[in-house]
Amino acid sequence: MQRLSGYKLSAKAVVGILLVSVLAVLLLMSCQDQGQEGSAEESSAPAAVSGDAAAIAEARGLTPDDITAALKTYTPTGVHDEYIMFASGGHGGQVYVIGMPSMRIIKQIAVFTPEPWQGYGYGAEGTMQTLAGGFVGDNEITWGDTHHPALSETAGDYDGEWLFINDKANARVATIDLRDFETKQIVKNPIALSDHGGTFATPNTDWVVEGGQYAAPLGWEYSSLDNYAEDYRGMVTFWKFDRESGRLVPEESFAMELPPYWQDLCDAGKNVSEGWIFCNSFNTEMATGGVEDGNPPFEAGASQRDMDYMHIINLDKAVEVAQAGNTVEVQGFPVISLDTAIEEGLLYFVPEPKSPHGVDITPGGEFMVVSGKLDPHVTIYSFEKVQEAIAAGDWQTDDYGVPILNLDNVMEAQVELGLGPLHTQFDDKGYAYTSLFLEPSVARWSLGGDYADLNEDPEWSLVSKVTVHYNVGHIAAAEGDTVSPDGKYLVSMNKWAIDRFNNVGPLLPQNFQLIDINEPGDNLQLLYDMPIPDGEPHYAQIIKADKLDPWEVYPEVGWNPHTQSPDPNATQIGEERVERDGNNVEIFMTAIRSHFTPEHVEIKQGDHVIWHITNVEQTYDATHGFTIPLYNINMSIEPGETATFEFDATEDGVFSYYCTEFCSALHLEMTGYMLIEP
Ligand code: CUK
Ligand code: CUA
């Protein structure tokens, strides 16, 4: 990597800073009142002072750069992070919540994959309903391949209220409520079996965009690959989001039919380009593979042409067309046909070089940045010039009749960055950052136009690179895809880890690398490596932590987190009971440190059991778990929550139910007997 030519700190100075910092922290600690729990921290503190900081640095072989990196990232106990990163968990199907700059994993949000700690998918009614929303027909899908998280936005800035993420494998979109960081909804795309270009929120989160990828007949239908050009189609789906209910509304959503090119990633226009959607594509060759039949393999067949097409979609106008009913139905879902899209002027193409990946819109919405995986440049398009070209009617058409604007008329600039450019983010200093998969590195380059005033580098030029380890895919900068990026930090989301961590066998973690982008010019410092022991994360978004305002406990005792309202089966202390109606047994239970009431539940084999448990606590972090052996029941019941599960008592026996969270000194006694009489 290029090491900090601008940093003039000597080793001595840095060690001095470290010493001063250590002393300052110690001073602060000794001044704090004694209210802190955790004698371990207090007793370990003196050990930290006993060594001289310079001696520690020397003994550990730390360079001055290492020490500045440590000072920039070390986060003492009890201190919270400035930023929160929401990272996709790839084919683990979940979302990671990571504090920055400490890079501590704070939470994993269960989304598409059942997860026991959160009691997600093991009986709890709301979670079962959420997962069932994502079943494909009668097929129970129990995992996902999460790619692109999208925070909800207000006026183009993250508002910290909602998070969306797609499942590429099964073309689904999930909605996460950031009041409790839980997944509330999964919707299955009615016209496509797999997707990729999701999720992206429009500047006020009216729409959540889910673009397709591998073309197929719409509506999950069959057709021979011989009929590819006629029967196979691409698509983009626009999900209407309703903040009031906190749900995507399928009844108000629609899709647009696209040619069978492989739409890849989309981004929503903002500011001057608000109301427009941009998606890159590849395989405009319409290669259908079949290397076993002597055809070119996909990777060659889909890379023959020098240009593919960026899709430029007039969303505002498409909404009008859809609302006017000018659609066809595919599996009952309204789709604007390709012909209608062309006739109504909803869809335009512009050539983009060469097997592009991703399109990213500058903070002001003026420019669209596209990287060609096989081209060393990023290509920058002007939204204004696109509008002029559309108004002038200056285009050719593709085989399907879609207007193709002339590249020369709409291109603003090209910047040569290096090998394998992929994804681009922005900062507050007029720089863009692009991942270079093949080098692998992250390039900083300067924007032109109004952004040129924000730094001293020549516009549209490569400024600096930092080597990353290894094979970077996406990068994420602090609020780096909003109308007002923060700069400061960037995370390189690397696909390979190779030699960065201890050998743990042939399956390696991914590697997130934190990079300091605070100083202008040639000053990019790699700060920290963070292994991600789960599916391959793709995109992430990073929000200022103080924009998030989640609940500490549910608003009242007896709360249903699925509906985010009081639960009709909430049970207060003193109301616990077992009701029997023929073969139906309904249990109303409370949980509090350190007992469940009732402690005996008697059931007859063959009964149908409905069980409600209310955690009547309103104490922060006083979560109780609940599990029953054999029946695969496992829940997490957070303070105030009412949870419900149902099962058929098929097996007789004596079943000890117990609390799975070590909640109190008498946690082991937080148990009871369920007796199922034969
Ligand atoms: S994709 Cu994974 S590196 Cu799904 Cu956004 Cu580019
Ligand atoms: Cu409740 Cu342990």
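FYI, side chains are in, hydrogens and waters are out, and symmetry mates aren't considered; it's all heavy atoms of this structure. Read the numbers this way: they start at 1 and go in the same order the structure lists the ligands and their atoms.
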**Student:** Taking all heavy atoms of Leu462 and all of Arg444, pick out the closest pair and write down the distance.
**Tutor:** CD1-O, 3.6 Å
**Student:** Looking only at non-hydrogen atoms, which of His357, Lys373, His474 approaches atom 6 (Cu) of ligand 1 most closely?
**Tutor:**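 It is His357 that holds the nearest heavy atom.
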**Student:** How long is the gap from CG on Leu514 to CG on Leu526, to the nearest 0.5 Å?
**Tutor:** 8.0 Å
**Student:** Given Lys495, His148, His196, which one has a non-hydrogen atom that is nearest to atom 3 (S) of ligand 1?
**Tutor:** Lys495
**Student:** Quick one: the SG of Cys663, atom 1 (Cu) of ligand 2, SG of Cys659 angle, rounded to 10°, please.
**Tutor:**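 That angle works out to 120° after rounding to 10°.
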**Student:** For ligand 1, which atoms, with element, lie under 4.0 Å from some heavy atom of His147?
**Tutor:** 4 (Cu)
**Student:** Tell me whether atom 1 (Cu) of ligand 2 has Met670 as a neighbour, meaning an N, O or S atom of it below 2.8 Å.
**Tutor:**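 Coordinating: yes.
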**Student:** So, do Phe112 and Trp143 have ring centers that fall under 6.0 Å from each other?
**Tutor:** no
**Student:** Do Arg172 side-chain atoms and Asn170 backbone N/O form a donor-acceptor pair below 3.5 Å?
**Tutor:** no
**Student:** I'd like to know: is atom 6 (Cu) of ligand 1 within the 2.8 Å range of an N/O/S atom from His538, strictly under that distance?
**Tutor:**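 Given the 2.8 Å cut-off, His538 does not count as a ligand of atom 6 (Cu) of ligand 1.
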**Student:** By atom name, which N, O or S atom belonging to His624 lies closest to atom 1 (Cu) of ligand 2?
**Tutor:** ND1
**Student:** Heavy atom under 4.0 Å from ligand 1: found in Leu265's side chain, backbone, both, or neither?
**Tutor:** side chain
**Student:** Parallel, tilted or perpendicular, judged at 30° and 60°: which one describes the rings of His311 and Phe349?
**Tutor:** tilted
**Student:** If the test is side chain to side chain contact (heavy atoms under 4.5 Å, CB included), which one of Val472, Asn511, Asn471 qualifies with Trp496?
**Tutor:** Asn471
